[in-house]
Structure formats: structure tokens, C-alpha cells
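Structure record follows, encoded as C-alpha cells.
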Amino acid sequence: MACSSGNCSSGSSEVKLESVKSREDSQMIMMMDQRKRKRMISNRESARRSRMKKQKLLDELTAQVNQLEAENSHILANLGVVTRLRLEVEAENSILMAQVAELNHRLRSLNEILNNMSPSNSSSWDYDDDIDDDFFKPWNIIPLIASPNALVEY
């Protein structure tokens with residue numbers, strides 16, 4: 001077969017060219033498979049690190065929750081103690097206020113008695129020490145003392 005103007009190619013050179021191309025293609029495919037495998041391995045490793053990081057964060061948060069719950073329990077216990085002490089102080093304060101009111105009342109009564117017994121007012125009657133009436137001897141009266149048992153909680 002004659003070739004015109006150099007466009008002639010033999011069948012054997014085409015086969016060689018195709019075998020070189022197929023070898024290059026297979027090498028290319030192998031390189032792509034190798035890259036895919038490397039990327040898969042890298043992705044798996046990255047996912048493993050991510051899971052480990054997430055687990056570590058979860059463990060830290062769980063420990064923090066436990067610590068905060070313990071602290072909360074401690075604060076609630078202290079609050080209970082402080083509340084009880086406050087109620088005791090309020091009860092004692094109420095008792096003291098009742099005693100102050102009682103003493104003020106007794107003081108006014110004593111002042112009234114003293115005013116009535118003064119020499120200017122005593123001309124109409126004479127004070128006798130032998131009188132057995134507690135009204136005229138307020139120092140013999142048994143005082144009324146408020147106690148916590150007398151209080152009603154509100």
C-alpha cells in the first residue's frame with residue numbers, strides 16, 4: 001500500500017500508540033485510586049479525631065454538671081440553715097419587741113402612779129404601806145414575759 005503525502009500509518013504503530021495510551025490510562029486510574037484511598041484514610045482519621053474531641057468535650061461537660069450540682073446542693077443546704085437562723089432571729093426580735101412594749105406600758109403606769117402620789121396630789125388621801133392592793137404596789141406584780149411558744153408563725 002502506498003502512502004500519499006506522508007499520511008500513511010502502519011497498523012503496528014497504531015497498536016503501540018494505543019497500548020501506551022492504555023498503560024498511561026491504567027497508571028492514571030491507579031494514581032486516582034491511590035489518591036482516593038489516601039483521602040478515605042485521611043477522612044476516617046479526621047472523623048476519628050472529631051469523635052474523640054466530641055467525647056472529651058462531653059466528658060468535661062458531664063464533670064462540670066456534676067460539680068455544679070454538688071455546689072448547688074451545698075448552697076441549698078446553707079440557704080436552709082440561714083433561713084432557719086433568720087426565722088429564729090425574727091422570733092427573738094418579736095419577743096424583744098413585745099417585752100419592750102410591755103416595759104414601756106409598765107413604765108407609763110409607774111409614772112402615772114408616781115404622778116398621782118406626788119405631794120401636790122397626795123392631799124386628798126394618805127398612802128399607807130400596809131395596803132395589800134397590787135395596783136398601789138406595781139413592783140410586786142409578776143411581769144408578763146413573752147416567749148417563743150406564744151408566737152404564731154405567719
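Since we're looking at a predicted model, the values are computed, not measured.
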Exercise for the section: Please tell me if the side chains of Gln99 and Leu96 come closer than 4.5 Å, counting only heavy atoms from C-beta onward. Expected result: yes

Exercise for the section: Verify, without hydrogens or angle tests, whether Asn115 (side chain) and Asn111 (backbone) share a donor-acceptor contact under 3.5 angstrom. Expected result: yes

Practice task
Answer yes or no: is there a side-chain heavy-atom contact under 4.5 Å between Arg39 and Lys36?
Solution key: yes

Exercise for the section: Would you check if there is a donor-acceptor pair between the side chains of Glu112 and Asn116 at a distance under 3.5 Å? Expected result: no

Problem - Approximate separation, where rounding is to 0.5 Å, of Leu87 CG and Asn93 CG - result: 12.5 Å

Practice task
For Ser73 and Glu69, indicate whether the former's side chain and the latter's backbone hold a donor-acceptor pair under 3.5 Å.
Solution key: yes

Problem - Reported CG-to-NZ distance for the pair Leu58 and Lys54, which is rounded to 0.5 angstrom - result: 8.5 Å

Problem - Euclidean distance, Leu79 CG relative to Arg86 CZ, rounded to 0.5 Å - result: 9.5 Å

Exercise for the section: Rounded to the nearest 0.5 Å, what's the gap from CG on Asn43 to CZ on Arg48? Could you check? Expected result: 13.5 Å

Handout entry: Sole residue of Asn72, Leu76, Asn78 in side chain to side chain contact (heavy atoms under 4.5 Å, CB included) with His74
Key = Asn78

Exercise for the section: Could you tell me the separation between the OG atom of Ser46 and the CZ atom of Arg51, rounded to the nearest 0.5 Å? Expected result: 9.5 Å

Handout entry: Distance-only polar pair, side chains of Gln67 and Glu71, donor-acceptor under 3.5 Å
Key = yes

Problem - Interatomic spacing from CE in Met30 to CZ in Arg37 - rounded to 0.5 Å - result: 8.0 Å

